[in-house]
Amino acid sequence: MRRPGVFAVYRNARAFGTVRLSAVMSALFVLLSIPVLIFILAYNDRQNAAAINATLIDVVTKTKQVSMEDAGKVQVKGRKHDCRSED
C-alpha cells in the first residue's frame, strides 16, 4: 500500500527544505523588520522636525524681542542726544 514515490519526494523535500527554510526565515526577517525600521525613521523624523520647529520659533521670538528692545534703546538715546544738542 505504500507508494515508492512518496519517500523519494519526502527525501528531496527534506534535502531542499533546510535551504528553503533558511531562505524563508531570511525573507521573513527582512519583510518584518524593514517596515518597522521605516516606521521608526519616519516617527523620529517627525519628532525631530517638531522639536526643530519649536526651537526655531522660540529663538526667532527671542531675537525679535531683543531687536525691538535694542531699537527702542537707540531711539531713546537718539532723542536724548537731540535734546542736548538743542540746548
Side-chain angles (χ1 to χ4, degrees):
M1 294 244 158
R2 194 170 146 187
R3 297 180 195 168
V6 173
F7 182 71
V9 170
Y10 174 74
R11 190 175 63 184
N12 288 337
R14 191 171 155 212
F16 291 110
T18 57
V19 174
R20 288 184 182 171
L21 180 62
S22 175
V24 168
M25 293 301 289
S26 297
L28 216 77
F29 176 75
V30 168
L31 291 175
L32 292 175
S33 64
I34 287 180
V36 171
L37 293 174
I38 289 172
F39 173 76
I40 290 169
L41 287 173
Y43 181 78
N44 285 337
D45 182 56
R46 183 178 173 191
Q47 294 298 320
N48 287 341
I52 289 171
N53 284 337
T55 304
L56 181 65
I57 290 170
D58 186 41
V59 169
V60 167
T61 303
K62 287 180 182 178
T63 304
K64 282 182 182 178
Q65 185 178 3
V66 169
S67 297
M68 291 171 67
E69 289 173 2
D70 289 345
K73 290 177 184 177
V74 168
Q75 288 178 352
V76 170
K77 286 182 180 178
R79 288 181 187 164
K80 288 180 180 178
H81 182 68
D82 290 340
C83 294
R84 290 180 192 164
S85 63
E86 290 177 6
D87 287 339

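Under the 4.5 Å side-chain heavy-atom criterion for Ile, Leu, Val, Met, Phe, Trp and Tyr, L32 and V24 are members of distinct hydrophobic clusters.
Annotation: side chain of T63 is in contact with side chain of S67 (closest heavy-atom distance under 4.5 Å).
Atom CG of residue L21 and atom CE of residue M25 lie 6.5 Å apart, to the nearest 0.5 angstrom. Distance check, rounded to the nearest 0.5 Å: CD of Q47 to CD1 of I52 gives 11.5 Å. In this structure, the separation between CG on N48 and CG on N53 is 11.0 Å, given to the nearest 0.5 Å.
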